[in-house]
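Chain A is the first sequence line, chain B the second, and so forth, proteins listed ahead of strands; every chain is numbered from 1. Predicted, not measured: the structure shown is a model, and the values here were computed from it.
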Protein chains: 4
Amino acid sequence: MSSAANHKHTAILDAAYELFGSGGFYETKMSEVAEHAGIAKGTVYLYFKSKEELFMAVTRRDCEGFMQQLEHKLEDCTAPTEKLAVIAEHHLMYYYERKQHTKLFFRAPNNNPELVAYMALFMEEYMQAVVKVLLEGGASEPELMAQSYIGMLDRLKMDILFQPSFTEEDAYKRAKFAAALFIHGAIGSLNAENGY
Amino acid sequence: MSSAANHKHTAILDAAYELFGSGGFYETKMSEVAEHAGIAKGTVYLYFKSKEELFMAVTRRDCEGFMQQLEHKLEDCTAPTEKLAVIAEHHLMYYYERKQHTKLFFRAPNNNPELVAYMALFMEEYMQAVVKVLLEGGASEPELMAQSYIGMLDRLKMDILFQPSFTEEDAYKRAKFAAALFIHGAIGSLNAENGY
Amino acid sequence: MSSAANHKHTAILDAAYELFGSGGFYETKMSEVAEHAGIAKGTVYLYFKSKEELFMAVTRRDCEGFMQQLEHKLEDCTAPTEKLAVIAEHHLMYYYERKQHTKLFFRAPNNNPELVAYMALFMEEYMQAVVKVLLEGGASEPELMAQSYIGMLDRLKMDILFQPSFTEEDAYKRAKFAAALFIHGAIGSLNAENGY
Amino acid sequence: MSSAANHKHTAILDAAYELFGSGGFYETKMSEVAEHAGIAKGTVYLYFKSKEELFMAVTRRDCEGFMQQLEHKLEDCTAPTEKLAVIAEHHLMYYYERKQHTKLFFRAPNNNPELVAYMALFMEEYMQAVVKVLLEGGASEPELMAQSYIGMLDRLKMDILFQPSFTEEDAYKRAKFAAALFIHGAIGSLNAENGY
DNA sequence: AATGAATGAGAGTTCATTCAT
DNA sequence: GATGAATGAACTCTCATTCAT
């Protein structure tokens with residue numbers, strides 16, 4: 001792929017990421033994507049053979065970026081607890097930085113087996129990265145624990161979507177909170193006298 | 001509303017729940033809903049003024065059912081830990097029993113402020129129910145803790161979607177796992193010698 | 001089918017016959033068909049599920065009309081020679097009367113197996129009708145003879161397409177000519193002294 | 001035109017003949033023609049200014065080849081009956097040898113006056129070649145007779161298209177059959193006692 | 001109240017043609 | 001001369017919604 005073609009490929013992915021992310025699959029028109037990318041409608045089809053394939057490509061690039069950045073950050077630390085903190089911060093901050101694009105995962109085309117398969121693969125990969133950290137800590141049931149941790153983080157990130165006032169500060173705070181809660185449990189902050 | 005009208009209203013909601021749930025908003029046709037409900041296409045519009053409003057009604061009924069059943073179950077127990085266990089079990093089992101309808105929350109119409117507002121309301125309400133339990137236990141930061149717990153449960157339920165082999169047994173197991181993890185934290189099951 | 005629906009069905013077929021006939025399959029737009037039929041674009045699809053199916057229906061109706069009229073005319077005569085004359089006249093006049101629609105057979109959608117199969121069926125049926133007449137006359141190789149006769153007629157009709165000045169008179173004359181030529185052969189009118 | 005250019009011109013015509021012949025005008029893409037010819041899409045337009053003109057050129061070359069071969073074959077014989085036999089054999093064999101390309105004449109672009117005019121011209125030329133033979137035999141109405149003969153041959157060739165099992169043998173047999181039928185008429189093989 | 005035939009805006013996609021390189 | 005990336009007009013078909021019956 002020539003440099004110009006590569007540039008256009010990227011421009012389309014960027015435009016599609018922007019629009020699919022903020023409007024979802026169904027409410028984004030290919031003509032809008034083209035317009036956003038500064039090219040003609042037909043040109044999009046030179047790079048992606050259908051709307052679904054474009055969505056797949058956008059999703060794949062986003063997920064891969066998420067994983068790569070995470071793995072890179074994990075290389076820099078050693079203690080499992082530290083790693084868990086890094087995971088939490090990465091999860092929260094990644095979405096905080098992309099808060100305009102929260103519909104990418106939400107409003108995907110249904111009934112597209114390839115996409116469903118890819119999403120399952122991504123979830124598995126993410127989970128395994130967490131599992132690996134937990135195994136270093138000697139956890140039993142590491143998969144369920146990993147799922148739980150990811151779930152916590154995912155929910156704590158939700159308010160980014162719903163609260164316009166959500167700040168970067170909030171994101172950091174929640175990341176720390178999640179790591180602490182996950183490690184020590186609610187009992188750490190619950191009043192033991194109340195029956196725990 | 002007469003009994004006959006009420007019956008039709010319900011039939012439409014049931015059909016729409018079935019179809020929106022399994023196919024998502026965009027891939028469900030109003031004509032299919034009508035057919036499923038055993039009535040004519042135009043009749044749907046006598047009860048719901050648009051596809052979006054129908055979706056809203058379906059969502060609302062489902063969320064209300066979820067909350068009502070939860071509150072009813074919570075009435076029967078007293079200890080906060082027990083209540084947390086009930087919440088976990090309710091969350092997992094509710095979705096297990098409705099595993100054919102997992103797309104209801106996933107593939108909703110975008111850019112519908114009313115729906116977004118309602119979903120936020122539901123999340124708030126669910127969260128407050130958990131908060132109330134946590135406050136009984138004297139938790140600090142009960143809202144973040146509630147969100148975290150719900151997030152754990154939500155992720156642990158995901159495999160219902162992706163693993164056809166997921167059993168009722170699995171659902172129960174995960175509910176117990178989540179409650180324990182939430183209360184005692186990962187440290188309970190992590191090898192303390194590994195640096196925790 | 002209600003009378004109104006039946007009327008619309010016919011109106012669409014008529015419009016499609018007109019347009020496919022004069023412009024061919026590819027150069028006829030569904031929107032034009034709708035406009036010609038005095039209805040909305042979407043309505044066409046309530047009666048025919050695709051452009052190809054509409055074309056099939058038009059073709060089928062035309063071919064069936066051709067065959068039915070032919071069989072009806074053949075009932076009225078007994079001698080094989082008379083029947084051959086009737087066939088010739090029917091062939092020429094049928095197309096003369098529909099001279100605006102000559103592209104129906106010519107410019108059909110390619111690669112549509114169903115249409116190809118139907119056309120083969122029609123040709124077979126037409127041929128068999130001629131074969132039947134020839135067998136009454138005791139012909140050997142009746143199928144090749146039938147094909148030949150039909151071919152003669154079909155070519156003699158061509159000028160209807162290309163000569164704007166072609167008259168009804170011409171059509172009758174050619175029908176008679178064809179029948180005579182087919183029965184007696186060229187030798188009847190060729191100068192025997194020239195080597196025949 | 002340089003030799004290289006001439007070669008490319010021919011390569012395009014060959015590719016177009018192949019594709020128009022097997023797929024028809026509308027279902028053949030210029031990009032396919034280019035690919036088949038082993039050149040770039042844009043290059044086709046250096047040699048033919050539009051798809052229609054390319055189709056015209058293909059048609060013209062095919063028709064001219066048909067006529068030239070025919071005239072050449074006719075030079076070798078003297079008796080009109082022999083010439084008629086040669087014509088029949090040429091017609092059948094020409095299409096038999098090109099049976100993959102039967103859609104060239106069938107699925108031409110509509111509403112192209114130039115093409116329509118050319119086809120009329122070709123038919124006229126072919127007819128006149130037959131007329132010439134018939135006049136040597138002293139025929140009256142030689143034009144209608146020529147048309148009839150050509151029509152017979154054209155129809156007898158049709159099965160090449162529809163019967164995959166059609167053999168070269170069949171083609172020869174039909175050629176002989178057509179010549180005999182044309183000269184002696186059906187009466188030669190019909191049972192005279194049946195009323196002829 | 002109930003129907004379902006009719007509507008028509010609007011979507012995704014194709015492909016002949018152009019033109020800067 | 002040769003290329004092939006880019007264009008954008010034009011197509012078929014869908015489906016939420018309406019309204020005369």
Side-chain angles (χ1 to χ4, degrees), chain A residues 1-2 4-5 7-9 26-35 37-54, chain B residues 1-2 4-5 8 25-35 38-54 109, chain C residues 1-2 4-5 7-9 26-35 37-54, chain D residues 1-2 4-5 8 25-35 37-55 109:
Chain A
M1 200 185 287
S2 77
H7 172 264
K8 222 154 254 183
H9 188 93
Y26 293 97
E27 307 219 345
T28 295
K29 296 165 211 156
M30 289 299 264
S31 59
E32 287 173 349
V33 173
E35 199 182 358
I39 57 173
K41 203 169 14 151
T43 306
V44 178
Y45 287 88
L46 295 180
Y47 294 86
F48 301 93
K49 76 172 193 289
S50 71
K51 190 182 181 186
E52 291 214 344
E53 196 178 85
L54 175 58
Chain B
M1 197 186 288
S2 78
K8 230 160 241 183
F25 178 79
Y26 293 96
E27 307 215 347
T28 295
K29 297 168 207 161
M30 289 298 265
S31 59
E32 288 173 346
V33 173
E35 198 183 359
I39 58 173
K41 213 180 341 172
T43 307
V44 177
Y45 286 86
L46 297 178
Y47 293 87
F48 300 92
K49 80 169 195 289
S50 71
K51 191 183 181 183
E52 293 213 342
E53 195 177 85
L54 175 57
Chain C
M1 198 185 288
S2 78
H7 172 263
K8 222 155 254 183
H9 188 94
Y26 294 97
E27 307 218 345
T28 295
K29 296 165 212 156
M30 289 299 263
S31 58
E32 287 173 348
V33 172
E35 200 182 357
I39 57 174
K41 202 172 14 155
T43 307
V44 177
Y45 288 87
L46 295 180
Y47 293 87
F48 301 93
K49 77 172 193 292
S50 70
K51 191 183 180 183
E52 292 214 344
E53 197 178 84
L54 176 56
Chain D
M1 197 187 287
S2 79
K8 230 160 241 180
F25 178 79
Y26 294 97
E27 305 214 349
T28 295
K29 296 168 206 160
M30 288 299 264
S31 58
E32 287 173 347
V33 172
E35 199 184 358
I39 57 173
K41 212 178 346 170
T43 308
V44 177
Y45 286 86
L46 297 178
Y47 293 87
F48 301 93
K49 78 169 196 290
S50 71
K51 190 184 182 184
E52 293 213 342
E53 194 177 86
L54 175 57
F55 189 88

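- Using the six-membered ring where Trp is involved, C/Tyr47 and C/His9 have ring planes that are perpendicular, over 60° apart on the 30 and 60° scheme.
- At least one donor-acceptor pair closer than 3.5 Å links the side chain of D/Glu32 to the backbone N or O of D/Lys29.
- In this structure, D/Glu32 atom CD and F/dG4 atom P are separated by 17 Å, rounded to whole Å.
- Nucleotide F/dT14 holds its C1' atom 11 Å from the NZ atom of B/Lys51, rounded to whole Å.
- Separating the CZ atom of D/Phe48 from the C1' atom of E/dT18 is a distance of 19 Å, rounded to the nearest angstrom.
- Proximity of C/Thr43 to the phosphate of E/dT7: a side-chain N or O atom is located under 4.0 Å from OP1 or OP2.
- One interatomic measurement links the two molecules: NZ of C/Lys49 to C1' of F/dT12, which rounds to 15 Å at whole-angstrom precision.
- If you measure from atom OH of D/Tyr26 to atom P of F/dA10, you get 16 Å, rounded to the nearest angstrom.
- The interatomic distance linking C/His7 (NE2) with E/dA6 (C1') rounds to 15 Å, in whole Å.
- Toward the 5' end of DNA chain F, the nearer of the two residues A/Ala40 and C/Thr28, judged by each one's closest nucleotide, is A/Ala40.
- Each of A/Gly42 and B/Gly42 has a nearest nucleotide on DNA chain F; the 5'-most of these lies closest to A/Gly42.
- OP1 or OP2 of F/dC11 has at least one side-chain nitrogen or oxygen of C/Lys29 nearer than 4.0 Å.
- Proximity of B/Lys8 to the phosphate of E/dA2: a side-chain N or O atom is located under 4.0 Å from OP1 or OP2.
- Note: OH (A/Tyr45) to P (E/dA11) measures 12 Å, nearest angstrom.
- In this structure, C/Gly38 and A/Ser31 both approach DNA chain E, and ranking their closest nucleotides by distance from the 5' end singles out C/Gly38.
- Within the 4.5 Å cutoff, the side chain of A/Leu46 has no heavy atoms near those of the A/Lys8 side chain.
- In this structure, D/Ile39 places its CD1 atom 15 Å from P of E/dT17, rounding to the nearest Å.
- The side chain of A/Leu46 has F/dA5 as its nearest neighbour among F/dA16, E/dA16, F/dA5.
- D/Lys51 and D/Thr28 make their closest contact through NZ-O, 2.8 Å (heavy atoms, listed as atom of the first residue, atom of the second, distance).
- Not one side-chain nitrogen or oxygen of A/Lys41 sits closer than 4.0 Å to the OP1 or OP2 atom of E/dA11.
- Summarising the geometry of B/Lys41 relative to B/Ala34, their closest heavy-atom pair is CA-CB, 3.6 Å, with the distance given to 0.1 Å.
- Applying the 4.0 Å criterion to OP1 and OP2 of F/dA2, one finds that D/Tyr47 has a side-chain N or O inside that range.
- Nucleotide E/dA1 has no partner under the Watson-Crick or G-U criteria, as no pair reaches both atom distances under 3.5 Å.
- Candidate nucleotides E/dT13, F/dA2, F/dT7 were compared by shortest atom distance to the side chain of A/Met30, and E/dT13 ranks first.
- A 3.5 Å limit on both hydrogen-bonding distances identifies E/dA9 as the Watson-Crick or G-U partner of F/dT14.
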